[in-house]
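Some notes on the structure that comes next.
Please read these numbers as outputs of a predicted model, since none were measured by experiment.
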Amino acid sequence: MEKTPLPADEDGRMMADTQSDAQLLDGNGSSLGTAMEPARDAWASKIQYLLAQVGFSVGLGNVWRFPYLCHQNGGGAFLLLYVLLLAVVGVPLFFLELAAGQCIRQGSIGVWKHISPKLAGIGYSSCVVCFFVALYYNVIIAWSLFYLGSSFQSPLPWEQCPEPIHNRTVNECTNSSPTTYFWFRKALDITDTINETGQLNSVMTICLLAAWTAVCLAMIKGIKSSGKVLYFSSIFPYVVLLCFLIRGLMLDGASEGIIHMIYPKLEIWGSVQVWRQAATQVFFALGLGFGSVIAYSSYNPLRNNCHRDALMVSFINFFTSILATLVVFAVLGFRAKTKAMECVTRNLALLSGISSGEFELNHLLNWTNISTPDSVMLEEYRNWFLHHRSSVPVNVTDCDPEEEMNKGVEGTGLAFIAFTEAMSLFPASPFWSALFFLMLLNLGLSTMLGTMQGILTPLTDNFKRLMRHKTALTVCSCVVGFVIGLVFTQRCGNYFVTMFDDYSATLPLIIVVIFETFSVSWVYGADRFLDDIENMLQWRPPVVYKYLWKYICLLAMIGLLGASVLQMILKRPTYTAWNHSTASKGKLDYPQWALVVLSLLIIFASLPVPLGYLHTLLKNKLGQGPETGRRRETDVEREDYMKCNTMEPDSASTLKPLDEEVGEEPHRNSFRALGSEQYKLLPQREETEDGEETTGM
């Protein structure tokens, strides 16, 4: 059905007020308003843009979070569940954000403010979450820098325990392992609880300063500088993963590790917790709700095929997760096999000390030479132990590689303990260690650049003064991030990283995406949004997206929000603490003050959504006067249904290439002269004489 255009105001204003940085131009491009604002940059090439999207979405979670979830939740069955949720929830929502950013060509604040000023709080919530994530994410980059610097030693400092001092060994190391000791004591110098605050870790403070300096230099000129950095930081991790995969497949135990990973356990599909974890991983893997996807796509040419981009980036992201999982389980399988054989060697040493009068050893073992443990197969020992363990007079144990596979396979425990220990067993271990942590550094940096773009782009688009001082804004943001980030370089800083990672982003981002989906599919209208995409791409996406956005995605996100809130209510928040006296990890409840902090994190990140709505209502109400009341009501109704800026025939004329200086060309987001031949506006609600509303369709 053809949409009836809205009547223009008496002074001809229609959409200019909804774009904070836009100017009205006449047909020749000359300014009709205030002085010319600096033009927004554009991507130098399509490859640069794709590398930016891939670099942001493919992060550390693909390397240490996805393999853990796959292992804990049924292996191949979890992969099938993940693919299902990626297809019906992840890709449609990712396409929605790409299309919105490219259509309206603003950051997250401008996009939702353009659809309706009442929705501007969605963009501000995205900025707050990006800021919280940037604070702790750069600390992980600092840890990678520390380990990278420590890798240029032979032997590696975490290969063995420190030398005994005055004939006294370091019990914390001997009771755990060299890699565990190095992580908790040498790298973090961690306290026993989160309550022991105040003392800074000087080494990590210096590394954090270096990390923020690197981010600042990469972002100093916006996407002009960060785009060039992404050529290396987005591609290099794939080179490293392929090298590790080839090397890992040649290791003893790699095949057992991969089989352990892909073995399907279909019964897990009946667990609500597994569905929640799979949906959360899809959600974070694509970077939904951060505003970074919108920010990156807003620099695209108008006719760019964002639908193909959504499918391509989603596939690359999933492929990377699979590749990283294969690498992780190949290496962990080798580590588990090595640890199991060390266990066999210890047990055989115990058995060899038994006199033949006490125990018919050779009869039970049936091994030709017990004095050479290398000749004993792991399967042979485990079969013997299964049948004869009750008759053995000494305390020998089963040597199960499965138990080793389950130790330290999540998050930092995977990267800085388990994987680090496995690499120390490689020949030329310093080379592989440096390669691995350089990969982590680049994965973290590319994601960090996208996170910062999710903060800076909306602010510069929405505030003219900040646009004119983008360099100063970038430097100030990094300085503030470093100062606040000192919280994480305390000796108890790792516990704060865990708190921010678990609570500062999950619930707020789910709320943001729920409002995004509702705003596009119900407030603005899914059919209308598809019309905009059709005008932009010159072809109409499949109608299935309409139903996915309106029902499947929205209900899935509401269900994910309910499951997450329910888990927080039923299970008191805890954190994993390191006890130096027992050299072991344990779960501790957060103290009351920490519960207040994590609650404030969730509230501060979610609060802009209702505040933005209330601010617009109050602003409209206070702005009404006796003479303008009726007209204000009409404007408010119109604000709820703003048309995307998709009527430019050639975006190249308004995009400023990165390699060119700002000249006299019109602003990239500027509007053409207003008129019915330039814009197809949307229906406004009107009241009939009897008080009923009509849309004018």
Ser606 (side chain) donor-acceptor with Ile603 (main chain) under 3.5 angstrom: no
Trp43 side chain vs Lys224 backbone, donor-acceptor pair below 3.5 Å: no
Nearest heavy atoms of Cys130 and Thr451, plus distance in Å: O-CG2, 3.3 Å
For residues 503-515, dump all side-chain donor-acceptor pairs below 3.5 Å to protein atoms at least two apart in sequence or in another chain.
| from | atom 1 | to | atom 2 | distance (Å) |
| --- | --- | --- | --- | --- |
| Ser504 | OG | Phe500 | O | 2.5 |
| Thr506 | OG1 | Asp502 | O | 3.4 |

Whether over 12 other heavy atoms sit under 6.0 Å from Lys221 NZ: no
side-chain contact (heavy atoms from CB on, under 4.5 Å) involving Asn138 - partner list, sequence neighbours excluded: Ile141, Leu208, Ala211, Trp212, Val215, Met448
Phe283 vs Met557 side-chain heavy atoms within contact, under 4.5 Å: yes
Geometric cation-pi criterion Arg528 and Tyr524, 6.0 Å radius, 45° cone: yes
Within-4.5 Å side-chain heavy-atom neighbours: Gln273 and Gln567: yes
From Leu449 atom CG to Ser233 atom OG, the distance as rounded to the nearest 0.5 Å: 6.0 Å
Sidechain-backbone polar pair: Glu97 side chain, Gly289 backbone, donor-acceptor under 3.5 Å: yes
Check: Phe94 and Leu288 side chains under 4.5 Å, non-hydrogen atoms: yes
Intermediate values then yes/no, side-chain contact (heavy atoms from CB on, under 4.5 Å), His307 and Val91: CA-CA 9 Å; His307 182 260; Val91 173; over 6 Å; no
Short side-chain to backbone donor-acceptor contact, Trp112 and Gly121, under 3.5 Å: no
Ser234 (side chain) donor-acceptor with Leu51 (main chain) under 3.5 angstrom: yes
Reported CG-to-CG distance for the pair Leu537 and Leu302, which is rounded to 0.5 angstrom: 8.0 Å
Under 3.5 Å: donor-acceptor pair, side chain of Asn73, backbone of Leu69: yes
Min side-chain heavy-atom separation His469-Thr460 under 4.5 Å: no
pair Val54-Asn317: side-chain heavy atoms closer than 4.5 Å: no
Contact summary for Ser226 and Gln453, nearest pair of heavy atoms: OG-OE1, 4.2 Å
Ser292 side chain vs Gly450 backbone, donor-acceptor pair below 3.5 Å: yes
Value rounded to 0.5 Å, distance of SG in Cys478 from CE in Met219: 7.5 Å
Phe95 ring center near Tyr545 ring center (under 6.0 Å): yes
Short side-chain to backbone donor-acceptor contact, Asn300 and Gln102, under 3.5 Å: no
Nearest non-hydrogen partners of Leu119 and Ile115, listed with the distance: CD1-CG2, 4.0 Å
Least distance between heavy atoms, Arg276 atom then Ala563 atom: CD-CB, 3.7 Å
Exercise: identify the closest heavy-atom pair between Ser125 and Val609: OG-CG2, 3.3 Å
Stepwise side-chain contact (heavy atoms from CB on, under 4.5 Å) test for Cys127 and Ser108: CA-CA 8 Å; Cys127 289; Ser108 56; 4.3 Å; yes
Inter-residue atom distance Thr517.OG1 - Ile552.CD1, 0.5 Å rounding: 12.5 Å
Heavy atoms of other groups near Tyr231 OH, more than 12 under 6.0 Å: yes
Side chain proximity check, Ile533 to Trp539, heavy atoms < 4.5 angstrom: no
Closest non-hydrogen atom pair, Ser297 against Gln53: N-NE2, 4.0 Å
Atom pair OG (Ser57) and CZ (Phe284), whose distance is rounded to the nearest 0.5 Å: 14.0 Å
Check: Ile122 main-chain N/O paired with Ser126 side-chain donor or acceptor under 3.5 Å: yes
Any donor-acceptor N or O pair under 3.5 Å, side chains Thr457, Tyr299: yes
Worked check of side-chain contact (heavy atoms from CB on, under 4.5 Å) between Leu286 and Ser314: CA-CA 7 Å; Leu286 295 176; Ser314 300; 3.9 Å; yes
Pairwise distance CG(Leu554) to CG(Leu93) - rounded to 0.5 angstrom: 9.5 Å
Steps toward side-chain contact (heavy atoms from CB on, under 4.5 Å) verdict (Tyr137, Leu60): CA-CA 10 Å; Tyr137 207 88; Leu60 297 173; 3.5 Å; yes
Test side chain to side chain donor-acceptor pair (under 3.5 Å) applied to Lys46 - qualifying residues, sequence neighbours left out: Asn304, Asp309
Pair Thr320-Asn62, side-chain donor/acceptor within less than 3.5 Å: no
Main-chain N/O of Leu96 paired to Trp549 side chain as donor or acceptor, under 3.5 Å: no
